[in-house]
Amino acid sequence: MRARIFKPAKSAMSSGEQNTKRWVLEFEPAAARSIDPLMGWVSSGDMHQQVQLRFESQEAAERYAGRHGIAYVVENPKPRAKNIRPMGYAGNYAFNRRQAWTH
């Protein structure tokens with residue numbers, strides 16, 4: 001049983017950073033998923049795929065994995081781009097835009 005420890009990325013659907021502060025320990029799938037021949041649903045007998053543990057820090061997640069004998073891989077978060085200017089919808093029609101607005 002192997003796990004990965006990572007910090008989740010920001011959702012592309014909103015500008016908020018709700019679930020990006022905590023570290024997550026997520027188990028890798030132990031077996032491939034199977035397709036039910038009658039209904040076509042995808043299922044798995046591996047219950048560890050459904051488990052996601054959240055921690056306040058990377059060290060806390062590593063301590064937990066070490067205490068429970070879980071092999072893990074740490075994925076460090078990529079830094080966000082610094083050149084993103086926060087702008088609302090009305091900013092699309094502002095006079096002080098850097099470039100002309102076109103369709």
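Computation of the quantities below employed the complete heavy-atom set of this structure, encompassing side-chain atoms and omitting hydrogens, waters and symmetry-equivalent molecules. Values in this document were obtained by computation on a predicted structure and should not be read as measured data.
Listed by chain and number, the residues in a side-chain hydrogen bond (donor to acceptor under 3.5 Å, both in side chains) with Lys78 amount to none (sequence neighbours excluded). Residues passing the side-chain hydrogen bond (donor to acceptor under 3.5 Å, both in side chains) test with Glu56, sequence neighbours excluded: Arg22. Not counting sequence neighbours, Thr20 has no partner by the side-chain hydrogen bond (donor to acceptor under 3.5 Å, both in side chains) test.
For the ring pair (Phe, Tyr, Trp, His ring centres under 6.0 Å) condition, the pairs that include at least one residue of residues 1-47, sequence neighbours left out, are Phe27-His48. Applying the salt bridge (charged side-chain N to carboxylate O under 4.0 Å, His left out) test to residues at least two apart or on different chains, the pairs with a partner in residues 2-16 are Arg4-Glu26, Arg4-Glu75.
At least one donor-acceptor pair under 3.5 Å links the side chain of Asp46 to the backbone N or O of Ala30.
Within a 6.0 Å radius of CD in Gln18, other residues, nucleotides and ligands contribute 12 heavy atoms or fewer.
With hydrophobic clusters built from ILVMFWY side chains whose heavy atoms lie under 4.5 angstrom apart, Val74 shares a cluster with Phe55. Each of Met47 and Leu53 belongs to its own hydrophobic cluster when Ile, Leu, Val, Met, Phe, Trp and Tyr are linked at side-chain heavy-atom distances under 4.5 angstrom.
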For a quick test of your reading: what N or O donor-acceptor pairs under 3.5 Å do the side chains of residues 57-72 make, sequence neighbours left out?
residue	atom	partner	partner atom	Å
Ser57	OG	Ala60	N	3.2
Gln58	NE2	Glu62	OE2	3.0

